[in-house]
Every structure is written in structure tokens, then in C-alpha cells.
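Heads up, the thing below is written out as C-alpha cells.
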Amino acid sequence: MNEIVGTHDLLLVTLDTLRHDVAVELAAAGRIPNLARHLPGGQWEERHAPGSFTYASHQAIFAGFLPTPATPGPHPRLFAAGFAGSETTAQSTYVYDTPDLVSGLARDGYHTVCIGGVGFFNKQGPLGSVLPGLFEESHWAPEFGVTSPESFENQIARAERVVAQLPEEQRLFLFVNVSALHQPNWFHLPGATREAGDNRETHAAALEYVDRHIGRLFAAASSRRRCFAIVCSDHGTAYGDGGYTGHRLGHESVWTVPYAHFFLDPAPRPTEAAR
């Protein structure tokens, strides 16, 4: 990361509430082609969430604790605050001397932008202002939230405007919390009804919806220079698994999450494409 920070733009996308098993099944079945083409080997990495619900998990992620590989460790981290005795800080780790990754990147010249999704990013009260308050620039609107069937498209449109307004030389750390997977998601499955509610199939349909549009976000994030992207879930959710429903609980459907990181190369500029 020490070779990437300072030379690349950075994109962090949390697919809020996405289950690992659903993500893996859809990738294997060819139902999320736009995501799958960027996944190393076309597959998600299995990891363990740092928290069982959005607020806790994002507090950990912004402190440098991304979802942990689901194999015995220790596992060197990409980002870490300077902390004596840390067993997961390696020579390749980007180390910052601030309380969180966001302010660390800002200190090193990045413009930090949050495009919020679920309620913990809505800035409508003190609690909903904590996470977006870490960023120099933050955006939230009702049409980005969980009740909007076009939430991701609306978030991308805002991200595109933000990127377009930045000076070419300004490095960017863009964070997008995607709300579309979170309940309610029944409206993403044709024929589903509010009365029947959400289930594993509507959750999968929501991921397909995200996949249809995520290419626009990737294009915006890499429009100025090469971009290092992290795409992961912050936690999963239960749909009757073991009798459980929802999250903020200790069940495998909640703590097991999909993760990937990869590079996004900018599209050739018109003069370059003509050569």
C-alpha cells in the first residue's frame, strides 16, 4: 500500500448487508458479470466481518480493520494506525498517525468523500453524523437510502458529479456505502410484494441490480488516474437461518462476508484511443 497511496486514487465500496453465500452463488452462476470480471479469478474472497452491524463494522473499517481473511492468521493489513505491538502491521502496510484511515489519507493529500446509504450515514442526528463526519465532504439524501428502488443509481450520479468537479491533480479517496442490499429489498425482484417481504431471493435480486450499474461507479473512480478499489460487505444478514432474522447477532450468515480488492485502469482518452 505504500506504493499505492500517493500515486493512485482509492475507492472503498461497502455492499451493506451482503451475504457471502449469495455473492458467491451469483458470481458462479454468471449473474453478476460486471463485478465478477474484476474479482481475482472471478471469485470473492471469504472473510470475517469486523462487526455484526453497520455502525460497528464501519468504525472498525475506518480504523484500518477491513474484514479478516477466513483462515488462521495473523494476516498483514493494508492500512493501520501507528500502534506499538501490532502483529498485523507489515512493511507493506500504509501506517498513519491519526485516529482513523480517513484523516490519515487527508493528511497525506487525499480529498476524502463519503456517499452515504443506510441510516448511519444520513446526518439527520448526532449518531447519523459520526461516520460521515470523518470525511472532508459527505453526501446523503433520501433517494440514496434503503427505501429507494433507484438508490444505487442516485448514489452513482452524485459520485460522478463529485469526481467531475475535482481538479485533475487532486488525489481522491471515495467511499460509497451501498444501501440496496439492506432491508427492504423486495422491490428488486419482479413479482415480489411488500406483504411477502424480503428473503434470500430478493437479496440476490438486489445484488443483480447493483451489478447492472456498478460499472459507472468504477469508471468514475478511475476516470482521472489508476484506482485501487476495495469492494466488500460490512456484515451479512439472516433470513431465517437457524431461526434468526436480521443482523447485529452472532450467526455465520452475519459474520461471513465477501471481499475483493483490485485495480481499475482509466479508459483511454480520445486522443490515446485514436493512436
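Worth knowing before you read on, the calculation uses all heavy atoms, side chains too, and leaves out hydrogens, waters and symmetry mates.
- Hydrophobic clustering of Ile, Leu, Val, Met, Phe, Trp and Tyr side chains at less than 4.5 Å, counting indirect connections, unites Phe121 with Leu101.
- Here Ile115 contributes atom CD1 and Arg161 contributes atom CZ; the two are 9.0 Å apart, rounded to the nearest 0.5 Å.
- Under a hydrophobic-cluster definition in which Ile, Leu, Val, Met, Phe, Trp and Tyr are linked whenever side-chain heavy atoms come within less than 4.5 Å, directly or via other members, Phe65 and Met1 are assigned to different clusters.
- With rounding to the nearest 0.5 angstrom, the CD1 atom of Ile214 is 7.0 Å from the CD1 atom of Ile156.
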Side-chain donor-acceptor contacts of residues 256-263 below 3.5 Å, not counting sequence neighbours, with atom names and distances?
| unit_1 | atom_1 | unit_2 | atom_2 | d |
| --- | --- | --- | --- | --- |
| Thr256 | OG1 | Glu252 | O | 3.0 |
| Tyr259 | OH | His261 | ND1 | 2.8 |

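- A donor-acceptor contact shorter than 3.5 Å links the side chain of Gln170 to the backbone of Gly109.
- With respect to Phe62, the ring pair (Phe, Tyr, Trp, His ring centres under 6.0 Å) criterion is satisfied by exactly one of Tyr55, Phe135, Phe173: Phe135.
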After noting the C-alpha distance and the side-chain angles of Thr237 and Gln183, does the key distance pass the side-chain hydrogen bond (donor to acceptor under 3.5 Å, both in side chains) rule? CA-CA 9 Å; Thr237 198; Gln183 296 92 321; 3.3 Å; yes

Walk me through it: do Ser151 and Ser148 pass the test side-chain hydrogen bond (donor to acceptor under 3.5 Å, both in side chains)? CA-CA 5 Å; Ser151 60; Ser148 171; 5.2 Å; no

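- The shortest distance between side-chain heavy atoms of Leu105 and Tyr94 falls below 4.5 Å.
- Separation of the Phe144 and His139 ring centroids does not fall under the 6.0 Å cut-off.
- Put simply, the side chain of Thr112 never gets that close to the backbone of Ala106: no donor and acceptor are under 3.5 Å apart.
- No side-chain heavy atom of Arg226 sits less than 4.5 Å from a side-chain heavy atom of Asp9.
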Side chain to side chain contact (heavy atoms under 4.5 Å, CB included) evaluation trace for Thr89 with Val95: CA-CA 8 Å; Thr89 301; Val95 179; 3.7 Å; yes

Glu45 vs His20, test: side chain to side chain contact (heavy atoms under 4.5 Å, CB included). Steps then yes/no. CA-CA 9 Å; Glu45 180 182 352; His20 174 264; over 6 Å; no

Derivation and outcome, salt bridge (Lys or Arg N to Asp or Glu O under 4.0 Å), residues Arg225 and Glu169: CA-CA 9 Å; Arg225 61 180 58 84; Glu169 68 277 4; over 6 Å; no

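- Looking at every heavy atom in both residues, His48 comes nearest to Ala70 through NE2-CB, 3.6 Å.
- By the 4.5 Å heavy-atom criterion applied to side chains, Val231 and Leu15 are counted as neighbours.
- A donor-acceptor pair is defined here as one N or O able to donate and one able to accept, closer than 3.5 Å; such a pair exists between the side chain of Thr202 and the backbone of Asn199.
- Within the model, atoms CG of Asp234 and CG of Asp16 stand 4.0 Å from one another, a figure rounded to the nearest 0.5 Å.
- Note: the hydrophobic cluster containing Leu66 also contains Tyr96 (ILVMFWY, side chain heavy atoms under 4.5 Å, direct or indirect links).
- Taken together through direct or relayed side-chain contacts under 4.5 Å among Ile, Leu, Val, Met, Phe, Trp and Tyr, Leu78 and Ile61 form part of one hydrophobic cluster.
- Atoms CH2 and CG, from Trp44 and Leu39 in turn, are 5.0 Å apart once rounded to the nearest 0.5 Å.
- Partner of Tyr239 under the side-chain hydrogen bond (donor to acceptor under 3.5 Å, both in side chains) criterion, chosen from His203, Glu201, Arg19: His203.
- Remark: Asp211 does not engage Arg31 in a salt bridge, criterion side-chain N to carboxylate O under 4.0 Å.
- For an aromatic pair to be called close, the ring centres must be under 6.0 Å apart, and His38 with Phe218 satisfies this.
- The two residues Ala205 and His188 have their closest heavy-atom pair at CB-O, 3.4 Å.
- At a threshold of 4.5 Å between non-hydrogen side-chain atoms, the residues Phe175 and Thr14 count as touching.
- In this structure, Arg224 does not pair ionically with Glu168, as no charged nitrogen and carboxylate oxygen lie closer than 4.0 Å.
- Considering OH of Tyr244 and CZ of Arg248, their distance stands at 13.0 Å, rounded to 0.5 Å.
- Clustering ILVMFWY residues whenever any of their side-chain heavy atoms sit less than 4.5 angstrom apart, transitively, puts Leu217 in the very cluster that holds Val162.
- Ala221 and Leu11 make their closest contact through CB-CD2, 3.9 Å (heavy atoms, listed as atom of the first residue, atom of the second, distance).
- Proximity of Ser179 to Val146: side-chain heavy atoms (C-beta onward) are separated by under 4.5 Å at one or more points.
- Taking the six-membered ring wherever Trp is involved, the centroid distance between the rings of His247 and His182 falls below 6.0 Å.
- Proximity of Asp100 to Leu134: side-chain heavy atoms (C-beta onward) are separated by under 4.5 Å at one or more points.
- Under the 4.5 Å side-chain criterion, counting only non-hydrogen atoms from C-beta, Lys123 is in contact with Ser138.
- Closest of all the heavy-atom pairs between Gly82 and Asp97 is CA-OD1, 4.2 Å.
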Given Gln43 and Val24, is the side chain to side chain contact (heavy atoms under 4.5 Å, CB included) satisfied, shown in steps? CA-CA 7 Å; Gln43 297 181 329; Val24 168; over 6 Å; no

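- Atom CZ of Arg212 has more than 12 neighbouring heavy atoms from other residues, nucleotides or ligands inside a 6.0 Å radius.
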Step by step, would you call Ser223 with Val163 a side chain to side chain contact (heavy atoms under 4.5 Å, CB included)? CA-CA 8 Å; Ser223 61; Val163 173; 3.5 Å; yes

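- With Tyr110 as the aromatic partner, Arg171 meets the cation-pi criteria of under 6.0 angstrom to the ring centre and within 45 degrees of the ring axis.
- You'll find the side chain of Pro74 reaches within 4.5 Å of the side chain of Thr88, heavy atoms only.
- A distance of 11.0 Å separates OG1 in Thr7 from CZ in Phe228, rounded to the nearest 0.5 Å.
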Give the intermediate values and the outcome of side-chain hydrogen bond (donor to acceptor under 3.5 Å, both in side chains) for residues Glu137 and His111. CA-CA 8 Å; Glu137 180 180 349; His111 182 58; 2.6 Å; yes

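- The minimum heavy-atom distance linking Thr147 with Pro149 is given by the pair O-CD, 3.4 Å.
- Using modelled atom types, one side-chain atom of Thr93 and one backbone atom of Arg77 make a donor-acceptor pair closer than 3.5 Å.
- The heavy-atom pair separating Pro132 from Gly128 by the smallest distance is CG-O, 3.3 Å.
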